[in-house]
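Residue numbers begin at 1 in each chain, while the letters A, B, ... track the order of the sequences. In this text, all values refer to a predicted model and were calculated from it rather than measured experimentally.
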Amino acid sequence: MKDLLSIRSYSTRPKEHAHSYNQLVLPLQGMINIRVGTFNGKVSPRECVIVRSNEMHLFTAEKEARFIVADLKKLPDLIEDSPHIVFEISKPLSQYLLFIESQLENEFSPAIEQAMLNTFKLLLCEQRLTPKLDIRINNALLYIEQNISEPIIISDLAKVACLSPTQFKKNFKKQLGITVLEYITSLRMKKAQALLTHTDYPLQIIAEQVGYTSLSAFSRKFSQYFGLSPTKFKQ
DNA sequence: TCTTCACTGCAGGTAAAGCC
DNA sequence: GGCTTTACCTGCAGTGAAGA
C-alpha cells in the first residue's frame, strides 16, 4: 500500500471496519458522523479525524458532504503522539485541501499528486493539534481570521459566539490556553512576518493589512514579539 | 452554566524627537 | 522621507467574586 489522497462523498460503506494503514479524514463541506476510539460525534470542515491502523471505526456522512481522505502508512510523529482523535486544522491546510480537491477532480498527474502528498505532510507537521473546539469559539476564530486586517473587539466576537463578553473571554482561554488578545496578536505577527518576507509593501501598508491603524503601534508590537524591528527583520 | 460588576494592568493611538 | 523609539493618555481586556 502506498500513501494516497482521495476525495470521498457520503459513505457507501456504513459498516464498522478497520484497515492496516492509518487514515486522516478531513471534511471539505457538510458534516460527517464518525465513531472511532473514544470519539463518537460530528466532524465539520476545518477539523481532522485521526483513524489509526487496525482501529475499528464507522462513519456516515450527509448527502452533500465531501471530504479528503489521506491513507498513510505512517503518521507524522506529531500526530502519532497526539492524545486527540479530532483536532482543528490551520487555515493554510484548510485552503490547501481545496486545491487538492480541485487537482484530483480535474487532472491525473502522478508527479503532482506525489508533490501534493509531500506538501500535505509538511502542513500536517505544522498543525497545533488543538482539540475539537466549542462551535461558538470556533465561529469566533473564523471571524478573527476573516477580519484580521480590521480592528477586532471582544464584544463583537462575543456576539458571534452568542456569549457575554466575560463568558466568551473565559471560555476562549479555557479552550485555547491563551487569551483572545494573545491569539489575535500571534495571527497578526505571523501575517506581518509573511508580508515582510514575501512582499515589498511599505510598513504602513503591512501595518494596515494586519489590523493596526498606527504604524508606531505596529512597530512597537512587532519589536516586542520578534525581538527586532520590522525593518531589521526584513534585512 | 451563565451574567453582571468592579478592579487592575496593559495595549494601542497620538505626538514628538531622533536615527538612517 | 521613511522608520523607530518614547512618553503620555485612554479605553479595553483579563480576571475574580457574587449571584441568578
Side-chain angles (χ1 to χ4, degrees), chain A residues 31-35 37-49 82-92 94 126-235:
Chain A
M31 292 279 197
I32 301 175
N33 299 297
I34 187 156
R35 190 171 77 214
T38 56
F39 180 83
N40 185 4
K42 291 181 185 298
V43 182
S44 52
R46 296 219 52 189
E47 293 174 343
C48 174
V49 186
S82 169
H84 310 304
I85 294 171
V86 180
F87 65 91
E88 299 285 320
I89 64 170
S90 67
K91 187 177 179 184
S94 178
E126 297 289 314
Q127 300 309 298
R128 292 197 309 134
L129 290 180
T130 49
K132 182 176 169 63
L133 297 172
D134 185 317
I135 185 73
R136 297 168 298 183
I137 300 299
N138 212 17
N139 287 341
L141 294 182
L142 285 174
Y143 180 90
I144 292 171
E145 282 181 8
Q146 287 163 2
N147 295 277
I148 196 68
S149 59
E150 307 292 330
I152 297 171
I153 56 173
I154 297 275
S155 57
D156 287 346
L157 295 173
K159 279 180 195 164
V160 170
C162 300
L163 290 168
S164 71
T166 303
Q167 195 60 26
F168 170 71
K169 286 183 265 187
K170 287 176 180 173
N171 272 351
F172 191 98
K173 183 157 190 186
K174 187 178 172 188
Q175 293 193 42
L176 277 87
I178 55 175
T179 66
V180 180
L181 214 55
E182 285 170 343
Y183 179 81
I184 292 172
T185 299
S186 73
L187 279 192
R188 286 181 165 156
M189 291 302 112
K190 282 175 190 165
K191 182 170 181 181
Q193 186 184 34
L195 289 173
L196 282 166
T197 305
H198 301 129
T199 73
D200 62 351
Y201 297 164
L203 286 192
Q204 181 65 49
I205 298 296
I206 291 176
E208 288 169 8
Q209 292 270 319
V210 298
Y212 289 89
T213 55
S214 157
L215 179 56
S216 72
F218 166 68
S219 178
R220 178 172 51 203
K221 179 51 77 180
F222 192 94
S223 298
Q224 282 174 1
Y225 195 86
F226 290 109
L228 69 173
S229 68
T231 307
K232 285 183 181 152
F233 178 86
K234 202 175 174 70
Q235 285 165 354

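- Distances shown here put every side-chain N or O of A/Y212 at or beyond 4.0 Å from the OP1 or OP2 atom of B/dG13.
- The shortest heavy-atom contact between A/I89 and A/C48 is CG2-CB, 3.6 Å.
- For the residue pair A/P230 and A/F222, the shortest heavy atom distance occurs at N-CD2, 3.6 Å.
- Side chains of A/Q193 and A/K190: a donor-acceptor N/O pair is absent below 3.5 angstrom, by distance only.
- At a non-hydrogen distance threshold of 4.0 Å, A/S164, A/T166, A/Q167 from residues 159-171 of chain A come into contact with DNA chain B.
- Side-chain contact between A/K191 and A/L187 is absent, with no heavy atoms from C-beta onward closer than 4.5 Å.
- Distance CZ (A/R188) to C1' (B/dA11): 11 Å, rounded to an integer number of Å.
- A/E88 and A/N138 make their closest contact through OE1-OD1, 3.1 Å (heavy atoms, listed as atom of the first residue, atom of the second, distance).
- For the 3.5 Å distance criterion, the side chains of A/E126 and A/S90 fail to qualify, holding no donor opposite an acceptor.
- Judged by closest nucleotide on DNA chain C, A/F218 is the one of A/F218 and A/T179 placed further toward the 5' end.
- To the nearest 0.5 angstrom, A/L195 atom CG is 5.5 Å from A/I206 atom CD1.
- For the salt bridge (charged side-chain N to carboxylate O under 4.0 Å, His left out) test, residues two or more places apart in sequence or in another chain that qualify with A/R136 are A/D134.
- In this structure the side chain of A/V43 never reaches within 4.5 angstrom of the side chain of A/M31, judged on heavy atoms.
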Can you pull every protein N or O that's under 3.5 Å from an N or O on nucleotides 15-20 of chain B?
none

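- Taking 4.0 Å as the cutoff to heavy atoms of chain A, we find the contact window on DNA chain C bounded by C/dC3 to C/dA17.
- Scanning for salt bridge (charged side-chain N to carboxylate O under 4.0 Å, His left out) contacts around A/E145 gives A/R46, with sequence neighbours left out.
- Separating the CG atom of A/L215 from the C1' atom of B/dT14 is a distance of 13 Å, rounded to the nearest angstrom.
- No donor-acceptor pair closer than 3.5 Å links the side chain of A/Q146 to the backbone N or O of A/Y143.
- Rounded to 10°, the helix from B/dT1-C/dA20 to B/dC20-C/dG1 has 40° between the axis fitted to its first five pairs and the one fitted to its last five.
- Looking at every heavy atom in both residues, A/R188 comes nearest to A/I148 through NE-O, 3.5 Å.
- Between A/T179 and A/E182 the shortest heavy-atom distance is N-OE1, 3.0 Å.
- Note: CZ (A/R220) to C1' (B/dA11) measures 7 Å, nearest angstrom.
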